[in-house]
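As a basis for the values below, the full set of heavy atoms in this structure was taken, side chains included, without hydrogen atoms, waters or symmetry mates. Per chain, numbering begins at 1; letters A, B, ... match sequence-line order.
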Amino acid sequence: MNKRYDIVVVGAGNAGLSAALHCASEGKKVLLIEQHNLPGGCATSFVRGRFEFEPSLHELCDIGTAEDPGEIRQMMEEYGVHVDWKPVPDCFRIISTYSDGGAMDVTMPAGKGPFLEKMEEYVPGSRRKMEEYFELLEEIMEGTAYISASNGHADSAVLKEKYPNLLRTGAYPVKEVWEAMKIPPRCQDILSTYWGYLGVDMERMAFIHYCNMFMKYVTRAAYIPTHTSHEISCAMVERLRELGGDIWFNCRALEFLFNGDRLCGVRTTSGDVECSYALANINPDIIYAKMMPKDLIPEREKKLSAARKHNYSARMYTIYVGLNKTAEEIGIRDYCIFMGDTADSAKEYKNILGGYDTNNFTIFLCGNIANPEASPEGTSIGFFTSMGNPDEWGDLSQEDYVALKNKYARKFIKELKDKAGIDIEPYIEEICVASPWTFARYLGTPEGSVYGYETAGWDGMMARMMMLSSDYPIKGLRPIGAAGPRGDGYSSAYVCGKLMARLALKDLKEEGGQA
Amino acid sequence: MAVKVKVGLIGALDMLKFKNMAKTREKVIQAAPAAEITADYAVNNNARELHPDFQKLVLEQIKDHPGTGAKTLVFKNADGGPLAYFRAGQYLSLRMEIGGSRITRPYSISSSPKEALQGKYEITVRTNPGGFAADYLLERAKPGDTFLASGPQGNFYYEELRDPEHILALAGGSGITPFLSMAKAIADGTEKFSLTILSGSRTKEQILFKKEFEELAKDERIRIVHILSDEEASGYEHGFITTDLIKKYAPSDFSTIGIFICGPEAMYRFLEKELASLHLPRKLVRREALGAPKKPEDLPGFPDAAKGCSYLLTIRQGAEEYSVPAESSEPILVAIERAGITAPSRCRSGECGWCRSKVVSGTCFAPPENESRRWADKEHGYIHPCVTYPTSDMTIEVPGEYGE
């Protein structure tokens with residue numbers, strides 16, 4: 001062993017960065033190791049020609065304004081991390097087909113008032129129902145915040161008295177609550193739009209999970225960093241250094257080392273490191289299958305993995321374009337356009353998983369609409385996102401890889417032209433296509449998935465939160481990240497990293513000050 | 001609260017259902033078999049094959065090109081099996097240990113992508129004055145030697161989603177090698193574009209791959225024109241690659257062709273001026289990475305006081321720390337390599353960012369023409385040591401590099 005730390009954080013993804021910062025803020029000696037030469041995992045950037053591309057972030061909820069900060073802005077401020085945030089103008093535009101077969105081209109503004117106003121315009125007569133719905137959402141948001149703040153000791157009397165609807169809807173998927181409330185079908189279609197951000201359709205997505213995200217986007221508005229997600233990750237790394245933490249790039253964890261049944265270190269490509277605790281920004285299946293002694297894996301963890309059946313959420317597909325005309329010149333007016341065959345999320349998800357022939361789901365996002373500094377003067381920058389079928393990308397030969405990537409790219413570029421009347425093709429100065437292979441390469445996640453296990457049904461966020469104490473049985477080691485209790489997304493990962501770091505420090509304290 | 005939502009028939013049961021979520025989850029978990037956990041994924045295996053941390057190559061054969069000062073090195077996968085597939089035009093970063101220095105050099109792959117799947121890469125190395133690595137590869141390397149190489153790298157390749165169907169390639173000397181790979185890929189059906197190459201050489205004798213291209217040009221999509229700078233001969237153009245020559249051989253209107261350039265620094269600087277008169281949009285002109293500037297101290301912005309100076313670098317890598325002497329006229333990466341440290345680097349042009357390192361203290365000069373850093377990296381004192389020059393003593397954190 002050539003060096004000793006209190007905490008080793010493996011993987012500088014969003015959860016890893018947050019966990020490392022929390023531990024360092026608490027005075028621990030922290031080593032963060034990252035297998036790439038960059039921090040952030042998804043939250044990074046890359047340069048092609050004169051463009052610096054945002055690889056993954058559509059919009060971050062929970063930033064809020066400086067005066068009324070959201071959870072993530074607050075967290076970053078507490079960490080001492082400074083990021084220049086830019087608000088995203090509208091919620092979204094969606095061009096698709098309503099579940100009743102009617103054509104759908106809807107643009108929804110941010111803010112409860114404007115949102116309800118616009119909804120009434122698209123679905124006349126919906127106002128009263130939607131006001132009732134927002135009232136419910138507000139209760140659920142407050143109730144969820146209460147549960148989160150209570151550290152797993154929520155008072156059921158308080159919940160019953162103040163947040164009864166949270167208890168009544170908490171065990172149901174979105175669709176069932178909507179149906180029970182008799183939300184008009186076209187409203188449901190419009191409200192479904194964000195489903196792709198969680199990678200689970202409305203028939204299976206837990207209601208309170210979805211409505212928390214939805215409310216944060218709609219009422220708190222959404223933000224992006226001025227200089228790509230790399231700005232966030234880089235600022236977090238610099239802060240970690242200031243707090244006395246170390247970070248080793250291009251360093252891969254090979255296995256976790258144990259003394260008896262307790263973790264004592266990490267074997268890395270840069271040597272062995274001794275530590276009191278490891279927080280691993282790695283999917284648990286990979287940790288258990290490849291990174292620790294088999295005889296130390298508890299029976300329940302094997303069952304949990306088997307129950308999850310490798311059911312990983314969204315495998316991403318993205319096209320990045322640097323365009324040699326401005327958004328205005330090209331006719332791009334929306335920050336974010338969702339396109340697809342149907343607003344029925346369950347049907348759409350099936351279409352996506354059907355592969356090339358049936359997948360017409362894509363989100364086109366133009367950075368310049370929210371952020372004039374997104375690309376050099378006279379240019380614009382954007383990216384398309386869709387999802388992939390793991391078999392389609394798994395059974396693919398090396399020789400056919402580029403052809404499939406480009407076939408999808410042509411399809412989505414054409415879809416933008418046909419549906420939104422935006423023809424970007426003549427202006428493409430730089431283009432890069434990332435597939436599940438690319439995400440697997442840079443993130444190391446199963447099948448290049450970015451959202452961990454599906455947060456659906458029995459394994460939803462709330463159920464995971466309720467079982468924090470039984471889900472993490474390895475002494476001195478906790479997996480963190482999208483596969484964790486908070487599920488996926490930037491803000492969930494930051495929150496998860498902090499939560500798990502807090503629990504790790506608590507574990508250490510209870511063990512008797514080994515750190 | 002005015003709203004009262006009831007999803008099931010009886011609201012109280014809904015609450016119970018919520019309360020029992022943990023129990024329900026535990027039931028599902030306990031009902032599953034305690035099977036061995038696996039994590040083997042086809043997508044991840046594919047990605048690793050395409051983008052390995054490194055590849056172990058064995059030099060199988062050295063082919064001489066008499067009179068040109070160049071040799072083609074044929075590599076095989078040292079472990080047998082296929083090598084990483086690539087896009088014609090990409091390069092390999094080859095690692096070498098020469099006299100205690102642990103260096104890398106980028107070489108365009110001149111063989112075809114298909115051959116990689118048969119376990120073969122070819123690169124062509126030409127002698128050049130002071131060519132440390134070239135001298136080693138041309139004079140001392142022998143069949144059976146093993147090398148570590150990166151996976152295929154770089155963005156200098158044809159992209160149908162972006163580029164016109166016809167590419168006019170401007171090649172200088174051994175800058176012909178990526179175009180040889182592209183031509184082979186067109187001929188074997190891997191690539192679907194047309195390629196007209198204006199290839200500059202000093203003399204007829206110095207032309208590289210003349211026969212290979214004659215053969216490849218039987219395909220109507222491939223054409224090559226040789227331009228000799230130091231010799232006049234019938235059937236050859238004479239001089240440099242000028243705008244006039246470009247206009248003469250451009251297959252059509254400039255808005256419908258793309259221009260790809262690969263060659264020495266002098267040619268880049270010459271062509272920059274020549275092409276300016278054509279007012280081509282940026283998207284139609286692509287250059288292979290340039291390499292580090294030969295005379296950084298002559299570039300605008302280099303501080304006078306630092307010219308011709310020697311400095312001491314403190315290099316931190318993981319838990320290790322090294323003291324490394326450095327010169328203001330040499331990239332920081334070269335100083336690190338000379339000290340025998342295995343540092344990450346690939347393009348050696350500032351473009352790929354693989355050597356991205358953190359300046360802890362000290363000052364340095366990064367030429368604007370090689371600037372490819374991310375915004376936040378510039379903001380937080382990260383440099384690409386392959387194109388950055390010390391202007392004081394410095395402390396730098398350098399990432400590790402994968403290998404055996």
| query | Where do A:Glu238 and B:Tyr382 land on the side-chain hydrogen bond (donor to acceptor under 3.5 Å, both in side chains) test, with the steps shown first? | reply | CA-CA 11 Å; A:Glu238 291 325 296; B:Tyr382 284 82; 2.7 Å; yes
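Neither the backbone nor the side chain of A:Ile33 has a heavy atom closer than 4.5 Å to any heavy atom of chain B. Looking at A:Asn324, only its side chain comes within 4.5 Å of chain B, counting heavy atoms on both sides. No part of A:Asp400 comes within reach of chain B, as not one of its non-hydrogen atoms sits under 4.5 angstrom from that chain. Using a 4.5 Å cut-off between heavy atoms, B:Arg373 contacts chain A through its backbone alone, with no side-chain atom that close. In this structure, no portion of B:Lys27 lies under 4.5 Å from any heavy atom of chain A. When heavy atoms are compared at a cutoff of 4.5 Å, A:Ala403 does not approach chain B at all. Using a 4.5 Å cut-off between heavy atoms, B:Asn155 touches chain A through its side chain atoms alone. Contact annotation for A:Lys294: only side-chain heavy atoms (C-beta onward) come within less than 4.5 Å of a heavy atom of chain B. With a 4.5 angstrom heavy-atom cutoff, A:Phe207 does not touch chain B via any of its atoms. Heavy atoms of A:Pro426 lying under 4.5 Å from chain B belong exclusively to its backbone. Of the atoms belonging to B:Pro344, it is side-chain heavy atoms, and not backbone ones, that fall under 4.5 Å from chain A.
Ranked by heavy-atom pairs under 4.5 Å with chain B, the list A:Ala180, A:Gly448, A:Pro446 is led by A:Pro446. Considering only heavy-atom pairs separated by less than 4.5 Å from chain B, the leading option among A:Thr268, A:Leu38, A:Thr228, A:Leu166 is A:Leu38. Of the listed residues A:Glu301, A:Arg308, A:Arg48, A:Glu231, the one with more heavy-atom pairs under 4.5 angstrom with chain B than any other is A:Arg48. Ranked by heavy-atom pairs under 4.5 Å with chain B, the first of A:His36, A:Met466, A:Lys302, A:Lys303 is A:Lys303. Your options are B:Leu284, B:Asp53, B:Leu13, B:Val398, and the one with the most heavy-atom pairs under 4.5 Å with chain A is B:Asp53. Among A:Asp285, A:Asn37, A:Val47, A:Ile287, the residue making the largest number of heavy-atom pairs under 4.5 Å with chain B is A:Asn37. The candidate with the highest count of non-hydrogen atom pairs below 4.5 Å against chain A, out of B:Lys23, B:Glu379, B:Gln30, B:Arg48, is B:Gln30. Put simply, of B:Glu401, B:Glu49, B:Glu159, B:His51, the one with the most heavy-atom pairs under 4.5 Å next to chain A is B:His51.
The minimum heavy-atom distance between B:Ala376 and A:His230, with the atom names listed, is CB-CD2, 3.7 Å. Contact between B:Ile29 and A:Arg300 at its shortest, heavy atoms only, is CD1-NH2, 3.3 Å. For the residue pair A:Glu176 and B:Val7, the shortest heavy atom distance occurs at O-CG1, 3.8 Å. Among all heavy-atom pairs drawn from A:Ile431 and B:Arg162, the shortest one is CG2-CB, 3.7 Å. Pairing each heavy atom of A:Ala171 with each of B:Met21, the nearest pair is CA-SD, 3.9 Å.
Using a 4.5 Å cut-off on side-chain heavy atoms (C-beta onward), B:Glu397 and A:Arg241 make contact. Between B:Asp14 and A:Tyr172 the shortest side-chain heavy-atom distance falls below 4.5 Å. Taking 4.5 Å as the limit, some side-chain heavy atom of B:Lys114 sits within range of a side-chain heavy atom of A:Glu399. The side-chain heavy atoms of A:Gln398 and B:Leu117, taken from C-beta on, include a pair separated by under 4.5 Å. Residues A:Trp393 and B:Asn46 have side chains not in contact (no heavy-atom distance under 4.5 Å, counting atoms from C-beta outward). Side-chain contact between A:Tyr427 and B:Lys283 is absent, with no heavy atoms from C-beta onward closer than 4.5 Å. Considering only heavy atoms from C-beta on, B:Arg25 stays 4.5 Å or farther from A:Met462 through its side chain.
Annotation: cation-pi geometry not satisfied between A:Arg168 and B:Phe18 (NZ/CZ under 6.0 angstrom from ring centroid, within 45° of ring axis). For the pair B:Arg374 and A:Phe46, the NZ or CZ position fails the cation-pi test of under 6.0 Å to the six-membered ring centre and within 45 degrees of the ring normal.
A:Asn165 places a side-chain N or O within 3.5 Å of a backbone atom of B:Val5 that can act as its donor or acceptor partner.
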Which pairs would a plain distance check flag for residues 35-44 of chain B, meaning a side-chain donor or acceptor within less than 3.5 Å of a matching protein atom at least two apart in sequence or in another chain?
unit_1	atom_1	unit_2	atom_2	d
B:Asp40	OD1	B:Asn45	ND2	3.3
B:Tyr41	OH	A:Tyr312	OH	2.6
B:Asn44	OD1	A:Glu447	N	2.8
B:Asn44	ND2	A:Thr445	O	2.8

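For A:Glu430 and B:Arg286, the salt-bridge test passes: some basic side-chain N is under 4.0 Å from an acidic carboxylate O.
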